[in-house]
Asks: 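Please read through the structure below; I'll follow up with questions.
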Amino acid sequence: MNYTRSDFPKDFLFGVAASAHQIEQEFDLVHEAGFDCYQFSINWARVLPEGRGAMNETGLDFYDRLTDALLARGLRPCATLNQCELPTALADLGGWRNRAIADWFADFTEIIMGRVGDRMYSVAPISIPAGIGRLRNFAYQTPDPDNTRAIARTRHHMLLAHGCAIEAMRGLGMTNLGVVFDQRRAEPSKDPNTDLLGDILNRFCPAGVFNKTYPATALESLERHLPASWQGDMETIGTGVDWCGLTFDTHWPSAVDLSRFQHDYTQDRPILVTDTADRETSHGDGWVNDLNQHLSAVQDALKQGVPVKGVFIRSVLDRGNWAPYDAEPKDVVDTVSSAPESKPKVSYNILKPVLSGGAVSLPLAQPPGAMRAHWNLVADIGGTNTRLGVIADGKLTDLRKYPTGTLPELLNAFHTLRDEIGTDPRAVVAAGAGPVKNGTIRLTNAKLDLSEGDIGKATGAQHTFVINDFTAAAWSVAEITGDDVEVLQGAATPPPGTRLVVGPGTGLGVGALLYSEGRYHTASGEGGHIGLSPRHVDEVEIFKAARHIAPDCFFDETLVLEAEMFLSGTGLPILYRAAGMAAGQADTPMRSAKDILEDARTQTDLIAEKTAHMFTTHLGAVMGDLAVVLMPVGGVFLVGGVAEKNRWLFKEAFRDAFNAGGRFTDLRRSMSLYVSEQDEFGIVGANNFCKSALAR
């Protein structure tokens, strides 16, 4: 060999690049040879067999052990998250041609790096994308290898997935994140599509990542095949990386190649080069000549100021992933296929003295304390105050209260909490009173519009959701147990299945948590859509009086009232005043719901007692009617502020009204009926919604 370690700058890295079949016996040989790093790929399907959803703990444990085994030998774990493998289930959904794969890939990244990220030295989400997009993906997964539309979308979505994965790892606090590109010499072809791909093979992906655009010459032919929203993806695709890896699969790199790439794309970022020595001469003198040529190009580039920081040499562990399109790559060690045994090759013994004589001083893994568990932010937005909850490992770890204020003030509260924690949340769910349309909620109490886009900009979250408070209430009982409820009738522990949720808080929220095909879905309504009529003769005058107080809340010229105008915290004062007027007290004042219910509880105000009785019996009857319609085998749940603070209301009279139904009385009595005992049910519901949304 013409070079030794001492001929390269201090902390110049020498590594082994392997793609599959990682064998722990190999690590001892790599360590003994004096290598600094071990680059390996993580198989998506090994972690998530279906590409999303249920995790494979065995797969996660495998990469756990692999990482620890490398560190135990003083080798830096350098991971790539995708080279050629795609879970079959995702390939069936279009694979890289499906834009949703960017989010799926980011979720996979979070799962695996949440387990091993603290022990990684470096990570590249996507490795050699030109090779995937041109050869692997289309030979195996599409009927037409030269389908230009499929190629264009695949490569765009692959880069989008790269950017989403980088954002996900930044959210975990990770550093030393990069990307690996291959550089190929295009061969002339009679097929114009192949010629087009050859023209853009080396520039399309680097230009997207480093320049946030695609080459103009490529766009002339490919833009009509790209997704309609491709320009909006470029900020994510261009998410900053810390280094760039290059492989030269069909020619030897020269100092000119490296210098040009630095000038056009990477600027001052470190470059790592993976060599590909002659496939036919992977032993002895031929192999030595190949590697000398490779290292000479690196030396020339260093002299020209190109920041090359390391060289990775391919090992036998690439063998399974490169066939049949590429010949067998150069090996440092042989593996006997019938057993996991390894033995040094001639090239191994040549390299060993070259790499001796010192070790780099760079850290083995991520800086201590840099990694943070991914977290979600959930919000319960009221007209006056907003509560923001921090969810880590599925549990509420912090709860803050802020004035809701104007839209900028509300968004600033989101941003302030994000800055205090120091990383972007994985997801944000904001629940509030108001209708939701096209990703925007009109917060009727706060009198402002809040969009998922606004939340994403304020927090940096990859996933943002706005839901109404009825949906949040429904989700609050998704994981409820016997410890979380007061049982009014039925099973001590709520059974699984569809659940009816009614929340007499600020408004009468009506939600159903529908159980189908093994998971929950929600349907939410609003109390204003339910009609309330007098149940007794003596209530007629009360309803007539209410027409004078709130005429707009009645249906036409009838005595049918919007239910929430009596059966809510804001409706109780109207009911109280109407009851007083019907009793001959024309000057009955508008009192707060809290004061009315307190007087009713202490029996110090007959009008308040009448109001409380009507509230409970009408609410019970409405819930009973809804229960007959929806048949919630998982139980009927009463949630919300009024229920939380005034349990005394929901006793025999409430239960009797729920069960009264003529020929349906026995049916109603057979249903499980509960009062929820969860504090912050809006936060709980938003969290449960978040978990379900991310799982889907």
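All heavy atoms count here, side chains included; hydrogens, waters and symmetry mates do not.
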Asks: For the pair R99 and D233, find out whether any cationic side-chain nitrogen is under 4.0 Å from an anionic carboxylate oxygen.
Replies: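 Looking at D233 together with R99, the answer is yes, because their closest N to O distance falls below 4.0 Å.
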Asks: Under 3.5 Å, is there a donor-acceptor pair linking the side chains of W375 and T423?
Replies: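 Yes.
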Asks: Does the plane of the ring in F650 sit parallel, tilted or perpendicular to the ring in F654? Use 30° and 60° as the thresholds.
Replies: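 If you compare the ring of F650 with that of F654, the planes turn out perpendicular.
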Asks: State which residues pass ring-ring contact (aromatic ring centres under 6.0 Å, His included) with W230; sequence neighbours excluded, sorted by chain then number.
Replies: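 Applying ring-ring contact (aromatic ring centres under 6.0 Å, His included) to W230 gives Y214.
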Asks: Identify the heavy atoms of F689 and T471 that sit nearest to each other, and give their distance.
Replies: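 Taking every non-hydrogen atom into account, CD1-CG2, 4.4 Å.
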Asks: What are the two closest heavy atoms between G434 and N468, and how far apart are they?
Replies: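 Looking at all heavy atoms of both residues, the closest pair is O-CB, 3.2 Å.
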Asks: Are D107 and R52 close enough for a salt bridge, meaning some N to O gap below 4.0 Å?
Replies: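 No salt bridge links D107 with R52.
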Asks: Rounded to the nearest 0.5 Å, what's the gap from CG on N412 to OG1 on T406? Could you check?
Replies: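 If we round to the nearest 0.5 Å, N412:CG and T406:OG1 are 9.0 Å apart.
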Asks: Say you draw a straight line from CD1 of I381 to CZ of R387; how long is it, rounded to the nearest 0.5 Å?
Replies: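 I381 atom CD1 to R387 atom CZ measures 10.5 Å (nearest 0.5 Å).
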Asks: Could you walk me through whether T440 and L450 pass side-chain contact (heavy atoms from CB on, under 4.5 Å), step by step?
Replies: CA-CA 6 Å; T440 297; L450 177 66; 5.9 Å; no
Asks: If only atom types and distance count, is the side chain of S672 paired as donor or acceptor with the main-chain N or O of A491 below 3.5 Å?
Replies: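 At least one qualifying donor-acceptor pair exists.
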Asks: Ion pair present between R601 and D599, side-chain N to carboxylate O less than 4.0 angstrom?
Replies: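 No, no charged N to carboxylate O under 4.0 Å.
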Asks: Answer yes if the side chains of T386 and T404 hold a donor-acceptor pair under 3.5 Å, and no otherwise.
Replies: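 Judged by distance alone, the side chains do pair up.
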Asks: Is the number of heavy atoms from other residues, nucleotides or ligands under 6.0 Å of R442 CZ greater than 12?
Replies: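 Result for CZ/R442: open.
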Asks: Please report the closest heavy-atom contact between L559 and K544, naming both atoms and the distance.
Replies: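 Scanning both residues, the minimum pair turns out to be CD2-CG, 4.0 Å.
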Asks: Between the side chain of D469 and the main-chain N/O of A472, is any donor-acceptor distance below 3.5 Å?
Replies: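 A pair under 3.5 Å: no.
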Asks: Any chance you could lay out the salt bridge (Lys or Arg N to Asp or Glu O under 4.0 Å) test for E57 and R115, step after step, and finish with the verdict?
Replies: CA-CA 11 Å; E57 287 294 333; R115 176 68 72 91; 2.8 Å; yes
Asks: Can you tell me how far the CG atom of D605 sits from the CD1 atom of I596, to the nearest 0.5 Å?
Replies: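 Between D605 CG and I596 CD1, I get 8.5 Å after rounding to 0.5 Å.
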Asks: Mind listing the closest non-hydrogen atom pair of A492 and V485 along with its distance?
Replies: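 Result for this residue pair: O-CG2, 4.5 Å.
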Asks: Donor-acceptor check, side chain of E452 to backbone of V466, threshold 3.5 angstrom: yes or no?
Replies: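 Pair found, side chain donor or acceptor close to backbone of V466.
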Asks: If we ignore hydrogens and angles and just use 3.5 Å, is the side chain of N646 paired with the main-chain N or O of V642 as donor and acceptor?
Replies: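 Present.
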Asks: What is the minimum heavy-atom distance between R647 and E644, and which atoms define it?
Replies: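 Smallest interatomic distance, heavy atoms only, reads NH2-OE1, 3.8 Å.
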Asks: Does the gap between the ring centers of F566 and F615 come in under 6.0 Å?
Replies: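 No, too far apart.
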Asks: Can you check whether L93's main-chain N or O pairs, donor with acceptor, with N98's side chain at less than 3.5 Å?
Replies: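 Indeed, once roles are kept as given, a pair shorter than 3.5 Å links the two residues.
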Asks: In sequence, state the C-alpha distance, the side-chain angles, and the governing distance for D656 and R669, and then conclude on salt bridge (Lys or Arg N to Asp or Glu O under 4.0 Å).
Replies: CA-CA 9 Å; D656 291 345; R669 286 175 177 162; over 6 Å; no
Asks: Does any pair with a residue in residues 622-639 pass side chain to side chain donor-acceptor pair (under 3.5 Å), and if so which ones, sequence neighbours excluded?
Replies: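 Only D625-R668 qualify under side chain to side chain donor-acceptor pair (under 3.5 Å).
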Asks: More than 12 foreign heavy atoms under 6.0 Å from CG of L667: is that the case here?
Replies: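 Counting other residues, nucleotides and ligands, CG of L667 exceeds 12 neighbours.
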Asks: Given 3.5 Å as the limit, does a donor-acceptor pair link the side chain of D484 with the main chain of Q678, or not?
Replies: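 The answer is no, because no donor-acceptor pair under 3.5 Å joins these two groups.
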Asks: For M581 and A545, which heavy atoms make the closest approach, and how far apart are they?
Replies: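 What the structure gives for the nearest pair is CB-CB, 3.9 Å.
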Asks: Quick check against the 3.5 Å criterion: does N376 have a side-chain atom that pairs as donor or acceptor with the backbone of A427?
Replies: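 Here the side-chain-to-backbone pair exists.
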Asks: Applying ring pair (Phe, Tyr, Trp, His ring centres under 6.0 Å), which residue pairs with at least one partner in residues 575-601 are found, sequence neighbours left out?
Replies: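 For residues 575-601: none.
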Asks: Output, in order, the C-alpha distance, side-chain angles, deciding distance and verdict of salt bridge (Lys or Arg N to Asp or Glu O under 4.0 Å) for K610 and E539.
Replies: CA-CA 10 Å; K610 176 68 174 179; E539 290 182 351; 5.1 Å; no
Asks: For residues 163-173, tabulate all N or O donor-acceptor pairs below 3.5 Å that involve a side-chain atom, not counting sequence neighbours.
Replies:
from: R170; atom 1: NH1; to: M174; atom 2: O; distance (Å): 3.4
from: R170; atom 1: NH1; to: D242; atom 2: OD2; distance (Å): 3.2
from: R170; atom 1: NH2; to: G240; atom 2: O; distance (Å): 3.1
from: R170; atom 1: NH2; to: D242; atom 2: OD1; distance (Å): 3.2
from: R170; atom 1: NH2; to: D242; atom 2: OD2; distance (Å): 3.2

Asks: If you measure from CG on L488 to OH on Y674, what distance do you get to the nearest 0.5 Å?
Replies: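 The CG atom of L488 sits 10.0 Å away from the OH atom of Y674.
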Asks: Can you tell me if S451 uses its side chain to pair, donor with acceptor, with the backbone of D454 under 3.5 Å?
Replies: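 Confirmed, S451 side chain pairs with D454 backbone.
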Asks: Report the residues that fulfil salt bridge (Lys or Arg N to Asp or Glu O under 4.0 Å) with D419, sequence neighbours left out, ordered by chain and then residue number.
Replies: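 D419 satisfies salt bridge (Lys or Arg N to Asp or Glu O under 4.0 Å) with no residue once adjacent residues are dropped.
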Asks: Taking T444 for the side chain and A433 for the main chain, is one N or O donor matched with an acceptor at less than 3.5 Å?
Replies: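 Between the backbone of A433 and the side chain of T444 there is a qualifying donor-acceptor contact (under 3.5 Å).
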Asks: Return yes if some donor-acceptor pair links the side-chain N/O of H162 with the main-chain N/O of P125 below 3.5 Å, else return no.
Replies: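 Not a single qualifying donor-acceptor pair exists.
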Asks: If a pair satisfies salt bridge (charged side-chain N to carboxylate O under 4.0 Å, His left out) and one of its residues is in residues 488-502, list it, with sequence neighbours excluded.
Replies: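 Non-adjacent pairs meeting salt bridge (charged side-chain N to carboxylate O under 4.0 Å, His left out): zero.
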Asks: Please assess D380 against K401 for the test salt bridge (Lys or Arg N to Asp or Glu O under 4.0 Å), listing each intermediate value before the final yes or no.
Replies: CA-CA 10 Å; D380 188 3; K401 185 177 179 180; over 6 Å; no
